[in-house]
Amino acid sequence: MTKPDILAVGSYAEYDQVPMDNAFTVWSMDEGGTPDHLPEDALASIRAIAFRGHSFLGDEIMDRFPNLGMIANLGVGYDTIDVAHAVSRGILVSNTPDVLTEDVADLGVGMMIAWSRGIPGAQGWIRSGDWTQHGEYRLQRKVSGKRVGIVGLGRIGRALAERLVPFNIDVSYFSRSEKDTPRWTYFSDISAMAEHVDVLFVCISGGPATAGIVGAETLAALGPDGLLVNISRGTTVDEAALLNALENCQVAGAALDVFLNEPNIDPRFLQLDNVLLQPHQSSGTIETRTAMGALQRENLAAFFAGRSLVTPVPECA
Ligand code: NAP
């Protein structure tokens with residue numbers, strides 16, 4: 001049987017590439033690249049894109065494929081895909097929700113603890129010989145019993161909140177609407193919540209609607225004892241305001257998994273000792289990346305079989 005043609009954007013690990021090659025005729029394009037290298041008949045025969053990465057996928061690329069019917073995103077966040085254009089052309093878009101929620105929440109808690117207890121620096125204290133020469137490491141900040149505010153109580157925000165409860169942490173959240181969560185305090189204003197908490201987590205979707213939603217005012221409200229943890233997208237925090245606040249100790253620090261211009265992040269972050277930096281790896285476990293790839297392929301298979309997508313994005317549901 002002839003295998004359907006797809007375009008794979010971005011680099012795929014062998015555990016994804018092999019099953020993709022088994023099911024489809026796979027044409028490849030670099031993340032952020034163009035399809036200029038593809039022959040005309042491939043441009044015409046490709047009906048789906050397996051998309052991986054954080055480059056922009058807009059009309060310029062989509063419209064090179066006259067028979068494109070579907071884009072399967074590897075990841076829950078699809079803020080760099082021009083879904084409005086896809087919808088206008090009748091192109092379906094899927095993502096990979098749920099399968100990564102636990103990992104992202106786990107890393108968020110881990111980053112909060114690692115920053116607060118100074119885990120990376122404390123290990124350096126041993127490796128450098130400072131422990132033997134200078135004695136015990138400087139005292140750090142307690143985690144249990146603190147007040148945490150979560151910007152965006154979606155799947156990841158909720159999973160994070162559930163993980164914080166056993167730490168006797170007082171949970172608040174900001175969302176566009178109040179949720180049925182009697183244990184947690186709702187704020188309709190992010191800065192008011194920031195003023196109320198010790199740690200502010202950003203778990204909201206990226207994209208133009210939420211760009212810079214955590215800005216200078218919110219950081220000032222969080223204050224010089226406050227920690228910002230961003231596990232959403234670099235766009236959701238006003239990065240210029242954050243760097244300014246960090247450099248001037250207007251916030252205590254930040255634990256960041258996401259940035260603008262990844263992987264070429266602003267070098268000012270590297271000069272700071274009040275930050276914990278992670279290379280956008282919240283879903284980066286073998287188990288979760290395997291599950292994400294499988295779900296991406298299930299969506300592709302459903303499209304080619306003429307079935308409903310397994311996990312369409314809300315705009316295409
Ligand atoms: P989700 O269940 O769809 O939750 C999204 C949250 O964002 C909801 O709380 C929603 O608020 C809020 N939101 C969306 N658009 C908004 C807007 N225009 N204004 C205000 N609030 C808005 O998504 P999820 O599965 O929790 O994932 C959340 C995000 O995490 C993803 O979009 C992705 O960017 C990021 N993520 C990062 C990594 C990483 O590696 N660091 C991995 C996975 C995901 P309402 O409740 O008001 O609708």
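Read the numbers this way: they start at 1 and go in the same order the structure lists the ligands and their atoms.
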Item to complete: Please determine if Asp79 has a nitrogen or oxygen closer than 3.5 Å to a nitrogen or oxygen of ligand 1.
Response: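 It does not: no N or O of Asp79 is found under 3.5 Å from an N or O of ligand 1.
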Worksheet item: Is there a nitrogen or oxygen of Ser205 sitting under 3.5 Å from a nitrogen or oxygen of ligand 1?
Response: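 Yes.
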Counting heavy atoms only, which of [options] comes nearest to [atom]?
{"atom": "atom 13 (N) of ligand 1", "options": "Asn230, Val202, Leu256, Ile204", "result": "Ile204"}
{"atom": "atom 43 (C) of ligand 1", "options": "Ile231, Thr288, Val104", "result": "Val104"}
{"atom": "atom 20 (C) of ligand 1", "options": "Arg176, Glu178, Met292", "result": "Arg176"}

Practice prompt. Please collect all ring-ring contact (aromatic ring centres under 6.0 Å, His included) contacts where either partner lies in residues 269-289, sequence neighbours excluded, each pair once.
Written response: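 Matches after skipping sequence neighbours: His54-His280, Phe259-Phe269.
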Worksheet item: Between Arg233 and ligand 1, which residue portion shows a heavy-atom distance shorter than 4.0 Å: side chain, backbone, both, or neither?
Response: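 Near ligand 1, Arg233 shows its side chain, while the N, CA, C and O stay back.
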How far does [atom1] of [X] sit from [atom2] of [Y], to the nearest 0.5 angstrom?
{"X": "Ser283", "Y": "Asp106", "atom1": "OG", "atom2": "CG", "result": "12.0 Å"}
{"X": "Ser128", "Y": "Gln133", "atom1": "OG", "atom2": "CD", "result": "7.5 Å"}
{"X": "Glu162", "Y": "Thr101", "atom1": "CD", "atom2": "OG1", "result": "12.5 Å"}

List every atom of ligand 1 that sits less than 4.0 Å from any heavy atom of [X], numbering the atoms from 1 in the order shown and giving each element.
{"X": "Gly154", "value": "2 (O), 4 (O), 8 (C), 9 (O), 26 (O)"}
{"X": "Ala209", "value": "18 (N)"}
{"X": "Val258", "value": "41 (N)"}
{"X": "Cys203", "value": "28 (C), 29 (C)"}
{"X": "His280", "value": "39 (C), 40 (O), 41 (N)"}
{"X": "Thr210", "value": "16 (C), 17 (C), 18 (N), 19 (N)"}

Identity and distance of the protein heavy atom lying nearest [atom]:
{"atom": "atom 25 (O) of ligand 1", "result": "Arg155 NE, 3.0 Å"}
{"atom": "atom 35 (C) of ligand 1", "result": "Ser232 O, 3.6 Å"}
{"atom": "atom 26 (O) of ligand 1", "result": "Ile156 N, 2.8 Å"}
{"atom": "atom 44 (C) of ligand 1", "result": "Val76 CG1, 3.2 Å"}
{"atom": "atom 46 (O) of ligand 1", "result": "Lys179 NZ, 2.6 Å"}
{"atom": "atom 41 (N) of ligand 1", "result": "Asp257 OD2, 2.9 Å"}

Worksheet item: Any salt bridge between Arg64 and Asp36, counting N to O under 4.0 Å?
Response: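 Here Arg64 pairs with Asp36 in a salt bridge, since their nearest N and O are under 4.0 Å apart.
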Practice prompt. Answer yes or no: is there an ion pair linking Arg297 with Asp16, defined by an N-O contact shorter than 4.0 Å?
Written response: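 A salt bridge links Arg297 with Asp16.
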Practice prompt. Give a yes or no answer on whether the side chain of Thr132 reaches the backbone of Gly129 with a donor-acceptor pair at less than 3.5 Å.
Written response: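 Confirmed, Thr132 side chain pairs with Gly129 backbone.
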Worksheet item: After noting the C-alpha distance and the side-chain angles of Val76 and Leu100, does the key distance pass the side chain to side chain contact (heavy atoms under 4.5 Å, CB included) rule?
Response: CA-CA 8 Å; Val76 65; Leu100 45 66; 3.8 Å; yes
Worksheet item: Hydrophobic clusters join Ile, Leu, Val, Met, Phe, Trp and Tyr when side-chain heavy atoms are under 4.5 Å apart, directly or via other members; which others share one with Ile91?
Response: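 Members alongside Ile91: Leu7, Val9, Trp27, Met29, Leu38, Leu43, Ile46, Ile49, Phe51, Leu57, Ile61, Met62, Phe65, Leu68, Ile71, Tyr78, Ile81, Val83, Val87, Val93, Val313.
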Practice prompt. Would you kindly say whether Thr235 and Asp79 are connected by a side-chain donor-acceptor distance under 3.5 Å?
Written response: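 Side-chain D/A pair, Thr235 to Asp79: absent.
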